[in-house]
Protein chains: 2
Amino acid sequence: MPTSKDVAQAAGVAQSTVSYVLSGKRPISEKTRKKVEAAIEQLTYQPNAGARALAGRRTHVIGLVIPFIPELEMGSIMEFVSVIASTARQFDHDILLITDDEGAAGLHRVVGQQICDGLILMQIEDEDERLPVARSLNVPVVLIGIPRDPSGLVCIDADFEMAGEHCVRDLAAAGHSVISVIDWQPAVTERHVNYVDRFMHGTDVAAQALGVTVLHLPGGTDRDTISESVDKALASTTGKPAFIAPDRTIQDILRRDLSSRGLTLGLDVSVIGSASPTLAELQPIPLSTIDLRPAEVSRQAVKIMCQLLEADSHGPHESLELVPTVITHRSSTLRPE
Amino acid sequence: MPTSKDVAQAAGVAQSTVSYVLSGKRPISEKTRKKVEAAIEQLTYQPNAGARALAGRRTHVIGLVIPFIPELEMGSIMEFVSVIASTARQFDHDILLITDDEGAAGLHRVVGQQICDGLILMQIEDEDERLPVARSLNVPVVLIGIPRDPSGLVCIDADFEMAGEHCVRDLAAAGHSVISVIDWQPAVTERHVNYVDRFMHGTDVAAQALGVTVLHLPGGTDRDTISESVDKALASTTGKPAFIAPDRTIQDILRRDLSSRGLTLGLDVSVIGSASPTLAELQPIPLSTIDLRPAEVSRQAVKIMCQLLEADSHGPHESLELVPTVITHRSSTLRPE
DNA sequence: CAGCATCGTCGATACGCATCGATGATTCCC
DNA sequence: GGGAATCATCGATGCGTATCGACGATGCTG
C-alpha cells in the first residue's frame with residue numbers, strides 16, 4: 001500500500017504538502033496541486049484510516065446500535081439501517097454495527113476504544129437503560145425514538161401524534177362517527193416504546209376536536225384477539241365501521257378477518273394501515289396508509305449527527321425533532337362525502 | 001482518555017510491559033500482571049483502536065456488504081446482518097456496514113483505506129460484478145451465496161439442493177405422486193441468484209429417484225399468477241395435490257388461494273413453505289417448513305472469515321461450504337402413510 | 001529600493017500502540 | 001561455583017497522518 005510519503009516522493013514535494021492538498025487547510029499553488037494529484041492517481045493512494053484517526057482524532061465512523069433480534073419488525077429495522085448507512089456515506093462517514101446484546105457495555109467499548117465519533121441509538125424505550133450512558137458519554141448521541149425524559153438528549157422520531165390525528169380526521173371526514181384503533185401487538189407494547197402512546201393521544205385529541213368517538217382495542221398476532229376486537233368495534237358502531245391498524249402484522253390479520261365477515265374494504269368499512277407504498281399497492285384492495293417515514297427519520301438522524309460532529313460539541317446537547325407523517329388514500333377507505 | 005503510557009506509569013512499569021500484559025505475547029510475572037491489571041481497572045483504560053490498527057496492521061473490523069434496499073426480503077436480510085454482527089463480536093471483531101450502492105468502488109475504498117481486515121458479501125449473483133474485485137483484493141473475502149464460477153473464492157450458503165430434495169422426498173412419502181413447486185417471485189429470479197436453480201435441481205433429482213412428477217410453476221406476488229399456477233397444478237394432479245413454496249411472500253398468497261377454494265391444508269392438500277419456526281407456529285394451520293438456516297449460514301460465514309484472518313493468508317483461497325437445511329413437519333402436510 | 005506582509009512549502013513532532021533487541025535477574029547443570 | 005540457558009522487563013523504534021512553526025520567495029508600499 002502506498003503512503004502519503006510515497007506520493008510526496010513521486011510528486012517531488014514534502015509529505016505535509018500532500019496532506020494539505022488533501023485537506024485543503026492551507027493554500028497550495030495550482031502547479032503543486034496538479035503534481036500531487038497526478039501522483040495520487042498514479043499510485044492509487046488512499047489515506048490509512050488508522051493513522052488518520054490517530055493523528056486527527058476523528059474516525060469518520062458512526063456507531064449504530066441495533067435492537068437485538070426482536071424477531072418481529074426486522075424488515076422495517078432493515079430499512080432504517082440501510083438508509084442510515086447510505087446517508088452516512090454522503091457525509092463521508094461509515095457505519096459500525098453494534099448489536100444491543102452487548103448492552104450499555106458495548107457503548108462504553110466503542111467510545112472508549114475510539115472506534116466511533118458518535119452513536120445513533122434505535123428503538124428507544126421509555127426508561128431505557130442506555131440513557132444514563134448516552135448522557136455521560138462525551139461523544140454526540142442521537143436517539144431515534146423519544147424516552148420519557150428526553151432532557152439532555154438529542155431525539156428524533158416520526159410525529160406519531162400527528163399520525164394519529166390525521167388518521168382520525170380523515171376517517172371522520174369520510175363520514176365515520178365511531179373509529180376503532182387497534183393497538184400494536186403485545187410484543188411491541190411490552191417493550192414500552194412510547195410512540196404507541198403518542199399515536200393514541202393523537203387520535204384522542206382529534207376525536208375530541210371533531211366530536212367523534214375513538215375506541216381503543218387490543219391488538220395481537222392471533223386471529224382470535226383481532227376477531228374479538230372487531231366484534232367489540234361492530235357492536236359499538238352505528239353506520240359503517242372504521243379501523244386504524246398501525247401495526248403491520250395486525251393489519252394483515254384484520255383485513256382477512258373483515259373479508260371473512262363479508263365486509264368489503266372501502267365499501268362497507270374503512271381501514272387505514274401502515275405499509276410501504278409498494279406493498280400497499282400490491283394488496284387486492286390497495287391499502288390507505290399512514291406513512292411513518294422511516295427513511296426520512298433515518299436521514300435526519302444522520303444529518304443531525306454529522307452537524308454535531310462538525311460543531312465538535314462535546315458538551316451535552318438537547319433537541320427534539322419530529323418528522324411529519326403522510327397519509328395516503330387508496331381504496332381501503334370510504335371516499336370523503 | 002488514559003493511554004497505555006498512563007497505565008504504565010500508574011503501575012510503575014514500562015509501556016511495553018502493559019502491551020505484553022494485554023496481548024500475552026511474552027511471559028509476565030504474576031506480580032507485575034496484577035499491578036498492571038489493577039492500574040487498567042482503576043483508570044478504565046481501553047486501547048485506542050486507531051493506534052492499534054496502525055501499529056498492529058489489524059483493524060479487527062470486518063466489512064459487510066449489504067444489498068441495496070431490495071425493498072423485499074428486508075426482514076430476512078436483517079436476520080443475517082444481526083447474527084453476523086453478534087457472531088463477529090464473539091471473535092473480537094466489529095462489523096462495518098457497506099451498502100451496495102457504492103458498488104465495487106466501496107470495496108476498494110474500505111480495503112484501500114484499511115478500515116477493514118476482510119469482507120463478507122451477501123446476495124451473490126451468478127455473474128456478480130463484485131467477483132473480479134473480490135478475487136483481486138489482498139484481504140480475505142467470504143461470499144454468502146454461490147456464483148456461477150466460484151473458483152478462487154470462498155463461498156458459503158444453505159444447501160438448497162438438499163432442501164429441494166427433502167421437500168420432494170417428504171411429500172412423496174406422504175403419498176403424493178404429483179408435486180408442484182412454485183417458483184420464487186420475479187423480483188428474486190430477475191436477480192439471477194442461483195439458489196433458485198439449485199433448489200429446483202434438488203427437486204428434480206429426488207423426483208427422478210422416486211418416480212414422482214414435479215411440476216415447476218411460475219411464482220408472483222399477485223393473486224392471479226398464483227391462482228393460475230394452482231389451476232395448472234390441480235389440472236395435472238390425480239389424488240391430493242402438494243405444493244412447495246419456498247418464497248415467503250408467495251406462500252402466504254398460496255395458502256389464501258387454497259383455502260378460498262375450500263381446500264384444507266394438511267387434509268386435502270399439502271403445503272411446505274419457508275418461515276421461522278415462530279411464524280410458522282403462528283399460522284391458523286401451523287405450516288410445515290423447510291428451514292434454510294440463515295442464522296447458521298451467518299455464523300459460519302463469520303467463523304470462516306476469522307479463520308482466514310487468523311491464518312493471515314493473503315493469497316487467494318478457495319472453498320465451498322453448504323449448510324444442511326432442516327425440514328419440519330407441522331400441520332400443513334399430510335401425514336406419511 | 002528598502003521594508004514588510006503574503007503566499008507556498010518544508011521539516012519536525014505528536015498521536016498511542018506493537019514489537020524487536022537488549023539487559024539484568026534467576027535458575028540449572030556438571 | 002562458573003557458564004549456559006531461561007525468564008521478566010525495559011528502551012527504542014516504526015506504523016502513516018495531521019498540524020505547527022519556520023523559512024524562502026514573491027509582491028506591494030512608500
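What you are looking at is a predicted structure, and each value in this text was computed from that prediction instead of being measured. Chain identifiers are assigned alphabetically (A, B, ...) following the order of the sequence lines, protein sequences preceding nucleic acid strands; residue numbering begins at 1 within each chain.
Put simply, R57(B) has a side-chain N or O that comes within less than 4.0 Å of OP1 or OP2 on dG16(D). In this structure, S29(A) does not reach the dG8(C) phosphate: none of its side-chain N or O atoms is under 4.0 Å from OP1 or OP2.
Contacts of R89(B) classified as side-chain hydrogen bond (donor to acceptor under 3.5 Å, both in side chains), with partners at least two apart in sequence or in another chain: E102(A). Residues satisfying the side-chain hydrogen bond (donor to acceptor under 3.5 Å, both in side chains) criterion with R299(B), sequence neighbours excluded, are E296(B). Listed by chain and residue number, F160(B), W184(B) satisfy the ring-ring contact (aromatic ring centres under 6.0 Å, His included) test with Y195(B) (two or more places apart in sequence, or in another chain).
Atom NZ of K5(A) is separated from atom C1' of dA12(C) by 13 Å (rounded to the nearest Å). If you measure from atom CD1 of I40(B) to atom P of dC17(C), you get 10 Å, rounded to the nearest angstrom. Distance CD (Q9(A)) to P (dG11(C)): 12 Å, rounded to an integer number of Å. Distance CD (Q114(B)) to P (dG16(D)): 8 Å, rounded to an integer number of Å. Whole-Å rounding puts the N48(A) CG to dG14(D) P distance at 17 Å. Q113(A) places its CD atom 13 Å from the C1' atom of dC17(C), with the value rounded to the nearest Å. Put simply, CG on L54(A) is 16 Å from P on dG14(D), counting in whole angstrom units. Separating the CZ atom of R58(A) from the P atom of dC15(C) is a distance of 17 Å, rounded to the nearest angstrom.
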Problem set entry | Nucleic acid footprint by protein, nucleotides 18-26 of chain C - heavy-atom cut-off 4.0 Å, B for base, S for sugar-phosphate alone | BBBBB----
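Residues D100(B) and R130(B) are paired through a salt bridge, judged by an N-O separation under 4.0 Å between the basic side chain and the carboxylate.
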Validation: residues 9-26 of chain A side-chain donor-acceptor distances under 3.5 Å, sequence neighbours left out:
residue	atom	partner	partner atom	Å
Q15(A)	NE2	S4(A)	OG	3.4
S23(A)	OG	S19(A)	O	3.3
S23(A)	OG	K25(A)	N	3.3

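Pairs passing the ring pair (Phe, Tyr, Trp, His ring centres under 6.0 Å) check and including a residue from residues 101-148 of chain B, sequence neighbours excluded, do not occur.
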